[in-house]
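Heads up: the structure comes next, in structure tokens.
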Amino acid sequence: MRGLALLLLTLLVQFSVGASLSTVTEEQLEHLVKQHTVVVAHYFLPWCSHCKRVMPEFLKASEDTPSKILFVEIDASSGSKFCTSFPTILIFTDGVSSSNVEYTGEMKAEAIVEFLTKFVSSGQLHRPGSDEEVDHILGQLSPEEVTVVGYFDPSESSERLAFEKVARKLRGSLVFVEVSYDSGKVTPSLEIRSKAGVFEYKGEFAFEPLHHEISKSMYPEVVEMTPALFDKYQRRKLPFVWLFLKSPSDLSEFTPVASQLHGNYSFVWVKGADYEPLMKQLGFKTFQLPQVAVENGDLHYVFKGELKANALKTWLEGVSSNKVSSDIRSEERSKSATVGGLTTLIGATALDQIFKGNILVLFYAPWCGYCQALMPVYKELAKVLESEGVRVAQMDATKNDLPVPRQFEVTGYPSIFYFKSRGQPVAFEGDRTLPGLLKFVNKNAGLSVSVPSKQADNTVEEEEEL
């Protein structure tokens, strides 16, 4: 029966290509990968606003890409063996699910199609038989392309196998050339060729160090950050070093540090005058330029010393080794108070308050119209629950950092979570009316509080994305 179901799934997916995308499980994916040369999977979470934006782009890419590529979507609500952040696009080849490549480009249909076209046509790697063939391959490439050339003995070796594994993993992003004839070069050896010059690799010929060093060549040492690049750099999964500059001429002070720590951080720069809201979000109190901050997921660090290359390098090494404490963006403690049963949380104390448990928290933004409409209902809820042993709280998420560590994500405003003394926080889903909110609290707190006869019933159905 199980085999029949998998066969039926394969037929359904085949006949739906170009019309709509099938949502499959990872178990079903294992079967599909064996049946198709290339399978492209979009991993998403149903409530993730970023995932929702990617879906139409992914669908359009499926319509504009050669039919031999199968596109599917995977709801990762219950977890995934292959990725931990969402949205993620993985490309599966060679008939085995473990042989996958993560797409790291812009989440736009045109960029996805361009990458996949190159991915399919590039093969795994070039294996020339002479110097003339090597020159021909290199001569066909554009100046923007990065080429990795490995030199090996003709016989199979662990070094050569490690190189080929990296080539499979980074297929479509870089050009790989494997030279195994007598070229006169020292073996094993490796060159990374780009418009910046030729870099000779001096490290160990094992997968992890090779993959780490070669992956670095996909990213400049310092880049001007733009909206189009942000997704790509987020998927690099390295902390950002934000350089807020007066002008590009300020870069000279930071370039040597970026070169030395290229594999530990993504160094990005912007004109600080255009990015004061981001500077506030990262915790800056003043906006004199240039300034530097590190953003590592939910943690951020503001450099406060004299901005010199040596001092910056030492500070960044301290951030990497957890010797530097992160900055917590927080309103003044005087803002923390309880009025009418409603407690206002601030960044500096939110974690302690939430860890006590039995607390309902609204994360909001003052400019959010839906939040403004919800506030009268939420304040009424706080009054109703004031003597019931459940605390009701609110937090301005634009002025305070969310608690770290945490087991929840705020992807839009307003967002409401119930935190028990133990276990995972529970996200509110339902009508944002007093009856709807009370039903949610009763269920999670084990209460049976009734709605007062005079109740607020204006529903707020939408949320604003971050």
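Quick note: numbers below take in every heavy atom, side chains included, and nothing from hydrogens, waters or symmetry partners.
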Hey, could you give me the [atom1]/[atom2] distance between [X] and [Y], rounded to the nearest 0.5 Å?
| X | Y | atom1 | atom2 | answer |
| --- | --- | --- | --- | --- |
| Thr314 | Lys308 | OG1 | NZ | 14.5 Å |
| Thr84 | Tyr43 | OG1 | OH | 12.0 Å |
| Leu45 | Thr88 | CG | OG1 | 9.0 Å |
| Cys371 | Phe363 | SG | CZ | 12.0 Å |
| Arg432 | Leu437 | CZ | CG | 8.5 Å |
| Gln291 | Asp250 | CD | CG | 12.0 Å |

Exceeds 12 heavy-atom contacts within 6.0 angstrom, atom [atom1] of [X]:
| X | atom1 | result |
| --- | --- | --- |
| Asp274 | CG | yes |
| Lys165 | NZ | no |
| Lys237 | NZ | yes |

Subject >> Worked verdict on Ile69 versus Phe119 for side-chain contact (heavy atoms from CB on, under 4.5 Å) >> reply: CA-CA 11 Å; Ile69 299 177; Phe119 181 90; over 6 Å; no
Given side chains that start at C-beta, do those of [X] and [Y] come closer than 4.5 Å, heavy atoms only?
| X | Y | value |
| --- | --- | --- |
| Lys60 | Ile112 | no |
| Val302 | Lys285 | no |
| Leu251 | Trp269 | yes |
| Phe417 | Ile354 | no |
| Asn444 | Lys420 | yes |
| Val24 | Ile74 | yes |
| Arg236 | Thr104 | no |
| Leu278 | Phe244 | yes |

Subject >> Intermediate values then yes/no, side-chain hydrogen bond (donor to acceptor under 3.5 Å, both in side chains), Arg391 and Thr343 >> reply: CA-CA 8 Å; Arg391 293 171 298 145; Thr343 299; over 6 Å; no
Between the main-chain N or O of [Y] and the side-chain N or O of [X], is there a donor-acceptor pair closer than 3.5 Å?
| X | Y | result |
| --- | --- | --- |
| Asn400 | Glu331 | yes |
| Arg329 | Gly283 | no |
| Asn296 | Pro239 | no |
| Lys399 | Ser330 | no |
| Glu26 | Lys81 | yes |
| Tyr378 | Leu362 | yes |
| Ser415 | Gly412 | yes |
| Tyr265 | Leu316 | yes |
| Gln28 | Thr25 | yes |
| Tyr219 | Val222 | no |

**OP:** Just do the side-chain contact (heavy atoms from CB on, under 4.5 Å) check on Leu229 and Glu106 with the steps written out, would you?
**Re:** CA-CA 7 Å; Leu229 284 177; Glu106 187 181 3; over 6 Å; no
Can you name the nearest heavy-atom pair linking [X] to [Y], along with the distance?
| X | Y | result |
| --- | --- | --- |
| Ser448 | Asn442 | N-OD1, 3.6 Å |
| Ser326 | Leu299 | OG-CD2, 3.8 Å |
| Val101 | Arg168 | CG2-O, 3.2 Å |
| Arg53 | Glu57 | O-CG, 3.8 Å |
| Leu345 | Ala350 | CB-CB, 4.4 Å |
| Ala109 | Ala61 | CB-N, 3.9 Å |

Original post:
Does the pair His212 and Lys216 meet the rule for a side-chain contact (heavy atoms from CB on, under 4.5 Å), with working shown?
Top reply: CA-CA 7 Å; His212 175 76; Lys216 284 165 50 177; 4.0 Å; yes
Original post:
Are the ring centres of Phe267 and Phe254 closer than 6.0 Å?
Top reply: no
Original post:
With ring centroids as reference points, do Phe92 and Phe82 lie under 6.0 angstrom apart?
Top reply: yes
**OP:** Look at the aromatic rings of Phe240 and Trp242 and report parallel, tilted or perpendicular, splitting at 30° and 60°.
**Re:** parallel
Original post:
In terms of ring plane angle, is the pair Phe58 and His42 parallel, tilted or perpendicular, where the classes change at 30° and 60°?
Top reply: tilted
**OP:** Sequence neighbours left out, what passes side-chain hydrogen bond (donor to acceptor under 3.5 Å, both in side chains) with Asp396? Give chain and number order.
**Re:** Thr398
Original post:
Any side-chain donor-acceptor pair under 3.5 Å between His300 and Glu295?
Top reply: no
Subject >> Sequence neighbours excluded - salt bridge (charged side-chain N to carboxylate O under 4.0 Å, His left out) pairs with any residue from residues 312-327 >> reply: Lys304-Asp327, Lys313-Glu317
Original post:
Leu342 and Leu381: side-chain contact (heavy atoms from CB on, under 4.5 Å), yes or no, with the steps?
Top reply: CA-CA 9 Å; Leu342 180 60; Leu381 175 72; over 6 Å; no
